Amino acid sequence: MAKAPRLRFAPSPTGYLHIGGARTALFNWLYARRHQGTFILRMEDTDQARSTPESVQTILDGLRWLGIDWDEGPGVGGDFGPYNQMARLGIYKEYAERLIAEGKAYRCYCTREELDARRAEYEKQKRQYKYEGTCRDRQDAPDRPAVIRFRMPDGEGQASFTDRVLGKITKEWSDLDDWVMLRADGIPLYNYGCVLDDHLMEITLVGRGQEHVNSTFPQLMLYRALGWEPPEFAHFPLILGPDREKLSKRKHPEADVMLHARNGILPEALNNFVVRLGWSHGDDEVITRAQMLEWFDFAQVGSTSGVWNPEKLLWVNQQYFKSMAPEALAALLVPFLREKGFTVPDGDPRPEKLVKALRERARTLSEMAETARYFFSSGVTLDEKAAAKHLTADSKPLLQRVRTLAGELAAWTPEPLEHIVKQVSEESSVGMGKVAQPVRVAVTGGTASPGIGETLELIGRDETLRRLDAAIGRIP
RNA sequence: GUCCCCGUCGUCUAGAGGCCCAGGACGCUGGCCUUUCAAGCCGGUAACACGGGUUCGAAUCCCGUCGGGGACACCA
């Protein structure tokens, strides 16, 4: 039996939790959990200009909201910590010195300006700039701060690996170059910190986005130089925006996981939607967490990038609305109702009734709350077109009759209310719609709502009678 | 420009040589149901990028072309 796998998610805390990151986390988490492995969270907080503690918190909150927990990492500790790179600077320095001593890395004294100028010059000549040709063994090096560069081995060779989703990928050494491992201030760059940490944390499988396949090669060179066995790799397809470009924080607001939470998308739905972007299990669309855990594997992860499809997310969300326990959904709806400014006391029975009436009519919690507006307001604003069509001289006697019967009603519940409409339509020998629609317009202001009984119950006796009176009053 | 990856309906995808004149889902759309709107049910729309091979047979394998994306920082 193979050793239990250890997987990690290593975000850089430079903003909110990104959708692509969330899916990467989910895939890794699913795999780790499915194989009784360990899921590790590591903060790659080495970008001093952009990393913030708030962002660390946001990412942690986002993962928790999605229901992704970690066995080692911030907040929970573990035997391979610390789990944020800025606390591991000593480690990076130690191995860098070792590599220099072995001739596998060197101090590069070139300044940024010199490098920029040289790169520009080569670009003008349409030649490929090579650091190894200009930075190594510089003899004129003044005593100034230096970065530490990895030294590509001399001679011919290939770096290759077998990706768990892409298959075998190879690159010639000649297409690689010397690269910066450590900055002059001792802070590591991605390729360096990543390799050291993955090895030291005993990561067995690195699952990350396809934007990283090229960085796998320099990393492989480093594993080789250090004499370490590289982990397995799995590169996931990218998630694209409507413009077909990689979903990015700058260009695509929908890349923010918590934006969807604020819009009233359920975490289950977002997980479901996102797991289907790049992975599938036959024709299954609505997939529970338990099923994901049972079915997920990298073998079924595709290699083609996928476009973010908001319509389908909404549809998935509604599927969860319909299958969830009403009381649970109601609890989630309350904050959205209050957000709209509606008064909802604790223990209010209305949210649950609202959920039952509206979950097939709304695709987000936010939309559901908005749809519920006429249940909470005092009086209604009539849609003029609807009023002109349904609040007429013909319907006036029907409305009056409904008003009278409703006023006498003992139990204000859907069935008897529904019965009133039926009774009035029979008495007057007209279709149900001839009665229900005017009533609907009178109490909701428009022509669309849940069943008339449910609607009237939710609006309440006093408010219903008031609105009926008001509507009758405006008909000449 | 160099390198890497990818290419099935508008979108997400099934498909691992014959089960496919390509299946499911979202969307769009026709109908049914119906007191409205939804939901639900039934139906429709629409794809193997192109060209060469290999094979009795290719969406599936190979090559080329074209197309898309990604990476080329003292960001990650």
Side-chain angles (χ1 to χ4, degrees), chain A residues 10-12 14 44-51 108 110-112 115-116 119 122-123 126-129 145-149 163 166-167 169-172 174-177 179-185 187-191 193-194 208-217 235 237-238 240 242 244-246 273 276-286 299-300 302-316 318 321-322 357-363 371 386 390 418 421-422 425 431-441 444 446-453 455:
Chain A
S12 137
T14 55
E44 305 213 330
D45 55 352
T46 55
D47 185 336
Q48 291 302 283
R50 297 190 302 151
S51 294
C108 170
C110 304
T111 62
R112 229 181 276 242
L115 257 17
D116 287 345
R119 277 191 293 251
Y122 271 71
E123 195 170 329
K126 296 212 189 284
R127 290 164 61 200
Q128 193 68 11
Y129 179 67
V147 301
I148 296 177
R149 251 180 221 285
D163 191 277
L166 263 14
I169 311 177
T170 303
K171 190 174 282 218
E172 297 293 329
S174 57
D175 288 323
L176 263 15
D177 197 2
W179 47 277
V180 176
M181 305 186 325
L182 269 188
R183 310 197 315 186
D185 58 10
I187 295 175
L189 259 64
Y190 174 67
N191 283 147
C194 179
R208 70 221 318 189
Q210 259 176 31
E211 70 268 30
H212 291 297
V213 303
N214 284 300
S215 56
T216 306
F217 299 102
H235 289 95
L238 265 14
L240 274 23
R244 304 298 160 101
E245 286 188 30
K246 189 173 71 158
F273 175 68
R276 283 282 292 102
L277 236 33
W279 174 80
S280 62
H281 181 268
D283 288 338
D284 295 306
E285 295 288 348
V286 177
Q300 274 71 242
S303 41
T304 342
S305 302
V307 176
W308 181 259
N309 180 349
E311 284 298 322
K312 188 134 182 189
L313 204 215
L314 259 17
W315 176 80
V316 173
Q318 189 174 47
F321 276 4
K322 292 193 291 184
L358 298 176
R359 60 177 167 177
E360 286 167 357
R361 297 176 169 81
R363 301 193 295 178
T371 304
H390 296 284
E418 195 85 34
V421 171
K422 192 165 181 241
S425 76
M432 293 266 278
K434 288 274 185 251
V435 182
Q437 278 309 79
V439 171
R440 178 167 279 116
V441 172
T444 71
T447 55
S449 89
I452 199 69
T455 301

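Side-chain atoms are counted along with the backbone in the values below, which use heavy atoms only and exclude waters and symmetry mates. If you're wondering where the values come from, they're calculated on a predicted model, not measured in any experiment.
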Using the P atom in both, what is the distance from B/U36 to B/A22, to the nearest Å? 38 Å
note: A/Leu176, atom CG; B/C3, atom P; distance rounded to Å ~ 13 Å
Any-strand Watson-Crick or G-U partner of B/C41, both distances under 3.5 Å: B/G31
Taking the C1' atom of each, how far is B/C26 from B/G67, in whole Å? 25 Å
Minimum-distance nucleotide (side-chain atoms of A/Lys171 versus B/U36, B/A14, B/C4): B/C4
Between B/G18 and B/U13, how far is it from one C1' atom to the other, in whole Å? 23 Å
Quote, to the nearest angstrom, the P distance that separates B/U29 from B/C20. 31 Å
Output a table of nitrogen or oxygen pairs between the protein and nucleotides 39-41 of chain B separated by less than 3.5 Å.
unit_1	atom_1	unit_2	atom_2	d
B/A39	O3'	A/Lys322	NZ	2.6
B/G40	OP1	A/Lys322	NZ	2.7

I need a per-nucleotide contact map over nucleotides 71-76 of chain B, read 5' to 3'. Cutoff is protein heavy atoms under 4.0 Å; write B for the base, S for backbone only, - otherwise. S-SBBB
If we take the C1' atom in both B/C50 and B/C66, what is their distance in whole Å? 7 Å
Please write out the pairs of protein N or O atoms and N or O atoms of nucleotides 10-12 of chain B separated by less than 3.5 Å, giving the distance to one decimal.
unit_1	atom_1	unit_2	atom_2	d
B/U11	OP1	A/Arg244	NH1	3.3
B/U11	OP1	A/Arg244	NH2	3.3
B/C12	OP1	A/Val307	N	2.9
B/C12	O2'	A/Arg276	O	3.1

Rounded to whole Å, please give me the gap between CG in A/Leu358 and P in B/U36. 18 Å
Watson-Crick or G-U counterpart of B/U60, or none if no pair lies under 3.5 Å: none
If the C1' atom of B/A47 is compared with that of B/G10, how far apart are they to the nearest Å? 10 Å
For A/Phe321, all residues meeting ring-ring contact (aromatic ring centres under 6.0 Å, His included), sequence neighbours excluded: none
Which residues share a salt bridge (charged side-chain N to carboxylate O under 4.0 Å, His left out) with A/Asp47, sequence neighbours left out: A/Arg50
What are the atom names and distances for every N/O pair under 3.5 Å that joins the protein to nucleotides 21-23 of chain B?
unit_1	atom_1	unit_2	atom_2	d
B/G23	N2	A/Asp283	OD1	3.1

Can you list everything that forms a side chain to side chain contact (heavy atoms under 4.5 Å, CB included) with A/Ser215? Sequence neighbours excluded, please. A/Tyr190, A/Asn191, A/His212, A/Gln219
Counterpart residues, side-chain hydrogen bond (donor to acceptor under 3.5 Å, both in side chains), relative to A/Asn214 (two or more places apart): A/Lys171
If I pick the C1' atom on B/G23 and the same atom on B/U45, what distance separates them, to the nearest angstrom? 16 Å
Give none if B/C3 has no partner; otherwise give the nucleotide forming a Watson-Crick or G-U wobble pair with it, both distances under 3.5 Å. B/G70
Under 3.5 Å, is there a donor-acceptor pair between the A/Ser449 and A/Thr455 side chains? yes
Under the rule for side-chain hydrogen bond (donor to acceptor under 3.5 Å, both in side chains), what residues qualify as partners of A/His235, not counting sequence neighbours? A/Asp163, A/Arg208, A/Thr216
By the 4.0 Å heavy-atom rule, please label A/Thr447 as base, sugar-phosphate, or nothing. base
Taking ring-ring contact (aromatic ring centres under 6.0 Å, His included) as the test, write out the residues that go with A/Tyr129, two or more places apart. A/Tyr122, A/Tyr131
Take the protein atom CZ of A/Phe217 and the nucleotide atom C1' of B/G70, then report the distance between them rounded to whole Å. 13 Å
Any residue meeting ring-ring contact (aromatic ring centres under 6.0 Å, His included) with A/Trp315, in chain and number order, not counting sequence neighbours: none
Under the salt bridge (charged side-chain N to carboxylate O under 4.0 Å, His left out) test, residues paired with A/Lys312 that sit two or more places apart: A/Glu285
With a 3.5 Å limit on both atom pairs, tell me what B/G10 is paired to, counting Watson-Crick and G-U wobble, or say none. B/C26
Searching all strands shown, indicate the nucleotide that pairs with B/U54 (Watson-Crick or G-U wobble; both distances under 3.5 Å). none
Nearest-angstrom distance from the residue atom CG of A/Leu166 to C1' of B/G70: 11 Å
Which value, in whole Å, describes the distance between the C1' atoms of nucleotides B/G17 and B/A58? 6 Å
Under 4.0 Å, heavy atoms only, any strand: does A/Thr304 hit a base, just the sugar-phosphate, or nothing? sugar-phosphate
Let me know the distance between NZ of A/Lys434 and C1' of B/U34, rounded to the nearest Å. 15 Å
